[in-house]
Amino acid sequence: MSQLVLRYFASDDGCLDVAVISDKFSGHGGFWIHDQDVRVFGEELSTYPIRPEAPLTVAWGYEMLEGENLVVGVEIVPENSRGDLRVRVELADYTERSERVRTSFQTTYAELDRFRTAIAALMDRMAEEAILRGR
């Protein structure tokens with residue numbers, strides 16, 4: 001089973017721990033992220049429908065947030081006309097940024113809504129993790 005797992009550790013800066021598992025690849029990483037940024041990402045997951053020209057994206061890392069400066073990246077786009085979604089994830093080691101994984105998996109709007117709710121619970125310290133399940 002494919003999944004994206006978020007855990008958040010509160011500190012002065014906050015640290016988002018991210019793990020992804022897909023059929024072919026898995027990876028683990030994280031970055032210092034303010035809790036409000038994670039909350040905003042969670043709220044954006046309520047977007048319906050997600051349009052191909054306006055995917056849901058989030059990127060955290062250094063400077064320009066591209067290439068080796070991107071440490072955590074998630075993009076959610078429509079997959080097909082049946083309402084399936086494609087979740088693309090890129091994770092890098094925050095110190096050895098050339099060490100990275102890029103993978104994707106399919107999910108649904110129902111799973112995305114559960115993930116949105118789980119992120120809210122995570123950020124309210126009512127849960128230890130938020131999981132987006134896929135196939």
Side-chain angles (χ1 to χ4, degrees):
M1 174 188 290
S2 298
Q3 61 184 16
L4 175 64
V5 181
L6 305 182
R7 293 179 187 91
Y8 189 79
F9 302 97
S11 64
D12 289 343
D13 295 324
C15 181
L16 184 68
D17 182 80
V18 183
V20 64
I21 300 169
S22 70
D23 289 339
K24 298 179 182 176
F25 298 99
S26 63
H28 182 253
F31 202 70
W32 298 276
I33 300 167
H34 192 275
D35 65 343
Q36 187 59 32
D37 293 335
V38 180
R39 286 180 191 277
V40 168
F41 170 61
E43 291 165 4
E44 289 174 352
L45 297 176
S46 65
T47 302
Y48 181 85
I50 299 170
R51 299 172 48 91
E53 65 275 5
L56 296 182
T57 61
V58 66
W60 291 299
Y62 302 99
E63 300 165 15
M64 300 301 292
L65 300 175
E66 57 187 36
E68 287 196 3
N69 287 321
L70 178 67
V71 178
V72 175
V74 178
E75 179 181 65
I76 303 169
V77 297
E79 173 78 355
N80 54 43
S81 61
R82 296 185 312 266
D84 294 317
L85 302 169
R86 174 65 46 186
V87 180
R88 297 183 182 121
V89 180
E90 183 170 351
L91 297 176
D93 183 283
Y94 66 89
T95 57
E96 295 294 330
R97 290 178 270 164
S98 63
E99 299 292 324
R100 63 184 54 241
V101 64
R102 291 181 191 104
T103 191
S104 69
F105 60 90
Q106 195 176 69
T107 195
T108 64
Y109 279 101
E111 286 296 333
L112 197 62
D113 192 53
R114 282 189 271 281
F115 188 48
R116 178 192 59 78
T117 301
I119 289 174
L122 175 68
M123 300 317 295
D124 288 339
R125 313 301 188 263
M126 303 299 288
E128 292 184 15
E129 60 187 18
I131 302 173
L132 174 58
R133 297 190 193 286
R135 46 188 166 185

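Separating the CH2 atom in W32 from the CG atom in D37 is a distance of 15.0 Å, to the nearest 0.5 Å. Atom CD in E90 sits 11.0 Å away from atom OG1 in T103 (nearest 0.5 Å). Atom CD1 of I21 sits about 10.0 Å away from atom CZ of R133, to the nearest 0.5 Å. Taking OG of S22 as the reference point, atom CG of L4 lies at 11.0 Å (rounded to 0.5 Å). Between atom CG of residue L6 and atom CZ of residue F41 there is a gap of 6.5 Å, rounded to the nearest 0.5 Å. The line from OG1 of T107 to CG of L132 is 4.5 Å long, rounded to the nearest 0.5 Å.
V72 is listed as a side-chain neighbour of L91, based on a closest heavy-atom distance under 4.5 Å. Looking at heavy atoms from C-beta onward, D113 lies out of side-chain contact with Y48 at the 4.5 angstrom threshold. Using a 4.5 Å cut-off on side-chain heavy atoms (C-beta onward), D23 and Q106 make no contact. Taking 4.5 Å as the limit, some side-chain heavy atom of T108 sits within range of a side-chain heavy atom of D84.
Side chains of S46 and R116: a donor-acceptor N/O pair is absent below 3.5 angstrom, by distance only.
When the options T47, L45, L85 are evaluated for a side-chain contact (heavy atoms from CB on, under 4.5 Å) with Y109, the one that passes is L85.
Minimum interatomic distance between F105 and G134 (heavy atoms only, all atoms of both residues): CD1-CA, 3.7 Å. Minimum heavy-atom separation, P52 to P78: N-CG, 3.7 Å. Closest of all the heavy-atom pairs between E75 and T57 is CG-CG2, 3.6 Å. For the pair Y8 and D35, the tightest heavy-atom approach, listed with the atom from each and the gap, is OH-N, 3.0 Å. Summarising the geometry of P55 relative to V77, their closest heavy-atom pair is CB-CG1, 3.2 Å, with the distance given to 0.1 Å. Counting all heavy atoms, side chain and backbone alike, F25 lies closest to R102 at CD1-O, 4.2 Å.
The environment of CD in E128 is sparse: at most 12 heavy-atom neighbours from other residues, nucleotides or ligands sit within 6.0 Å. Under a cut-off of 6.0 angstrom, the local environment of CD in E99 is sparse, with at most 12 non-hydrogen atoms contributed by other residues, nucleotides or ligands. Atom CZ of R82 is surrounded by 12 or fewer heavy atoms from other residues, nucleotides or ligands within 6.0 Å.
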Start with the C-alpha gap between V20 and V87, add the side-chain angles, then the distance that decides, and say whether side chain to side chain contact (heavy atoms under 4.5 Å, CB included) holds.
CA-CA 10 Å; V20 64; V87 180; over 6 Å; no

Could you pull out every donor-acceptor pair under 3.5 Å between side chains of residues 59-69 and any protein atom, sequence neighbours left out?
| residue | atom | partner | partner atom | Å |
| --- | --- | --- | --- | --- |
| Y62 | OH | Y94 | O | 3.2 |
| N69 | OD1 | R97 | NH1 | 3.0 |

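Residues V58 and F31 share a hydrophobic cluster, clusters being chains of Ile/Leu/Val/Met/Phe/Trp/Tyr side chains in contact below 4.5 Å. Transitive grouping of hydrophobic side chains (ILVMFWY, heavy atoms separated by less than 4.5 Å) keeps L70 and L16 in distinct clusters.
In this structure, I131 shares a hydrophobic cluster with V5, the cluster being traced through Ile, Leu, Val, Met, Phe, Trp and Tyr side chains under 4.5 angstrom apart.
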